[in-house]
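First the structure, then my questions, so here it is.
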Amino acid sequence: MTKIIAPSLLSADFANLQKDIEMINNSEADWFHIDVMDGVFVPNISFGMPVIKAIKKHAKKTLDVHLMIVNPDKYIADFKKVGADILTVHYEACTHLHRTIQAIKAEGMKAGVSLNPHTPVSVLEHIIIDLDLVLIMSVNPGFGGQSFIESTYKKVEQLKKMIIENNSKALIEVDGGVTDANIQQLSSIGVDAFVAGNFVFSNENPIKTIASLKKKATL
Ligand code: DX5
Ligand code: ZN
C-alpha cells in the first residue's frame, strides 16, 4: 500500500520558501505539512495566515495544516480562506472538541486531531468516527529536529485497534523525529502519513530523501 509523505516546511529555508515549495512539488511527497505555533500552546512562534497564503500560491499539493495554538475555533474560517485542505487541532487545546471538528468540516476541510506524547489515545474513543485524521506527536510539539519518542509505537497500535473497532476512516499521521530508521516499522503497524522536517531538509538531496522515505514506508 502506498503511504503519504508530508515534508514539514518548518525546516525549510524561510528566506527562499518558493524554492523549497517547488522542490516538494517536484518530489514524490504527497502533502505540505504546515506548523502554526502561537507561543502560548507551545514555547515557539512560527508563522500564520499571510505566510500560508503565500505558500498556497505555489504549492501544487494538499496543505496539511497543524495548529499548535490555543483557541483554534476563532480562526477556522481564516485557515480555509488562506488555503488549508486538512486542519488539525490539538486535543489539549479544545474544550469542545466535537464542536470544533464539526466547524472544520462545515468549512469544507478535512478534520484532524493531534495528541501530545502524554495524552492517551483513549480520549478519542467517542469522536474517532468523526475524524478524517489523527496526528500522533512523536516529539513534544514546538521544534523541529528532536528525537523520536519510542512509546509512540504502542500508541499507534492502540489507535489502529480503535479505528478498526469503530469502523472509522481516520488516517494515522506521525509527526516528529521520523527518519529512515523508524518509518518502516511505523508503516507496518498502520501509520498512513509521515511528517518529516529535519530529516528531509538537512539532507543535501531532499528529493532523493523523500523518495527513499516513500519507498521504505510503502509495504
Ligand atoms: C513539531 C512539528 C513538526 C516538526 C517535525 O512541533 O509539529 O511538524 O516540523 O520536525 P522533525 O521531522 O524535524 O522532527
Ligand atoms: Zn507538525
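Atoms within each ligand, like the ligands themselves, are counted from 1 in listed order. Just so we're clear, the structure is a prediction, and the values are computed from it rather than from any experiment.
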Next item on the list: Starting from atom 2 (C) of ligand 1, find the nearest protein heavy-atom neighbour and note its residue, name and distance.
Entry: Asp35 OD1, 3.4 Å
Notebook entry, point to check: What are the atoms of ligand 1, with element, lying closer than 4.0 Å to any heavy atom of Asn198?
Noted result: 11 (P), 12 (O), 13 (O)
Check: Counting each atom of ligand 1 from 1 as listed, which ones have a heavy atom of Asp175 under 4.0 Å away?
Finding: 2 (C), 3 (C), 4 (C), 5 (C), 7 (O), 8 (O)
Check: Are Ile101 and Leu133 joined in one hydrophobic group, where the rule is that I, L, V, M, F, W and Y side chains link up if heavy atoms are under 4.5 Å apart?
Finding: no
Next item on the list: Give yes if a backbone or side-chain nitrogen or oxygen of Met68 is under 3.5 Å from a nitrogen or oxygen of ligand 1, and no if not.
Entry: no
Item checked: Atoms of ligand 1 close to Pro141 [distance to a heavy atom under 4.0 angstrom, numbered from 1] -> 6 (O)
Note to self: With a 4.5 Å cut-off on side-chain heavy-atom distances among I, L, V, M, F, W and Y, is there a chain of contacts connecting Val195 to Tyr91?
What the structure shows: no
Notebook entry, point to check: Relative to the heavy atoms of Gly144, which atoms of ligand 1 are at a distance of less than 4.0 Å?
Noted result: 10 (O), 13 (O)
Next item on the list: Distance to 0.1 Å, residue and atom name: give those for the protein heavy atom nearest to atom 11 (P) of ligand 1.
Entry: Gly145 N, 3.7 Å
Check: With the threshold set at 4.0 Å, does a side-chain nitrogen-carboxylate oxygen contact exist between Glu165 and Lys161?
Finding: yes
Check: At a 4.0 Å threshold, what atoms of ligand 1 neighbour a non-hydrogen atom of Gly176?
Finding: 14 (O)
Check: How far is atom 12 (O) of ligand 1 from its nearest protein heavy atom, and which residue and atom is that?
Finding: Gly197 N, 2.8 Å
Note to self: Applying a heavy-atom cut-off of 4.0 Å, say which part of Leu10 lies close to ligand 1: side chain, backbone, both or neither.
What the structure shows: side chain
Notebook entry, point to check: In terms of atom number and element, which parts of ligand 1 are under 4.0 angstrom from non-hydrogen atoms of Gly177?
Noted result: 11 (P), 12 (O), 14 (O)
Note to self: Is Phe143 close enough to touch ligand 1? Criterion: a residue heavy atom under 4.0 Å from a ligand atom.
What the structure shows: yes
Next item on the list: Group every Ile, Leu, Val, Met, Phe, Trp and Tyr by side-chain heavy-atom contacts under 4.5 Å, then state whether Phe32 and Phe47 land in the same group.
Entry: yes
Notebook entry, point to check: Between Ile129 and Leu131, is there a shared hydrophobic cluster once you connect ILVMFWY residues whose side-chain heavy atoms come closer than 4.5 Å?
Noted result: no
Item checked: Residue pairs, two or more places apart or on separate chains, that pass salt bridge (Lys or Arg N to Asp or Glu O under 4.0 Å) and touch residues 98-109 -> none
Next item on the list: Indicate, with yes or no, if Leu67 and Leu135 share a hydrophobic cluster defined by side-chain heavy-atom contacts under 4.5 Å among Ile, Leu, Val, Met, Phe, Trp and Tyr.
Entry: no
Next item on the list: Please determine if Asp180 and Lys215 form a salt bridge, counting it only when a charged side-chain N lies under 4.0 Å from a carboxylate O.
Entry: no
Item checked: Check: Val195 N/O within less than 3.5 Å of ligand 1 N/O -> no
Note to self: Taking the ring of His98 and the ring of His126, is the distance between their centroids below 6.0 Å?
What the structure shows: no
Margin query: What's the separation between atom OG1 in Thr152 and atom CG in Leu159, rounded to the nearest 0.5 Å?
Written below: 11.5 Å
Check: Is any NZ, NE, NH1 or NH2 atom of the basic residue among Asp64 and Lys110 found under 4.0 Å from an Asp or Glu carboxylate oxygen of the other?
Finding: no
Notebook entry, point to check: Can you tell me how far the CD1 atom of Ile69 sits from the CD1 atom of Ile45, to the nearest 0.5 Å?
Noted result: 12.5 Å
Check: By number and element, which atoms of ligand 1 are closer than 4.0 Å to a non-hydrogen atom of His33?
Finding: 8 (O)
Margin query: Check for me: within less than 2.8 Å of the Zn ion (ligand 2), which protein N/O/S atoms show up?
Written below: His33 NE2, Asp35 OD1, His66 ND1, Asp175 OD2
Check: Between the side chain of Ser212 and the main-chain N/O of Thr209, is any donor-acceptor distance below 3.5 Å?
Finding: yes
Note to self: Within the 4.0 Å heavy-atom shell around Ala196, which atoms of ligand 1 are there?
What the structure shows: 12 (O)
Next item on the list: Compute the shortest N/O to N/O distance between Met137 and ligand 1 and return yes if it is under 3.5 Å, no if not.
Entry: no
Check: Can you list the steps and then say if Asp30 with Lys214 is a salt bridge (charged side-chain N to carboxylate O under 4.0 Å, His left out)?
Finding: CA-CA 10 Å; Asp30 301 274; Lys214 181 107 177 171; 2.8 Å; yes
Check: How far is atom 6 (O) of ligand 1 from its nearest protein heavy atom, and which residue and atom is that?
Finding: Gly142 N, 2.7 Å
Notebook entry, point to check: Polar-atom distance check: His66 versus ligand 1, any N or O pair below 3.5 Å?
Noted result: yes
Note to self: Under 6.0 Å between ring centres: does that hold for Phe148 and Tyr153?
What the structure shows: yes
Check: Mind checking whether Ser8 has an N or O less than 3.5 Å away from an N or O of ligand 1?
Finding: yes
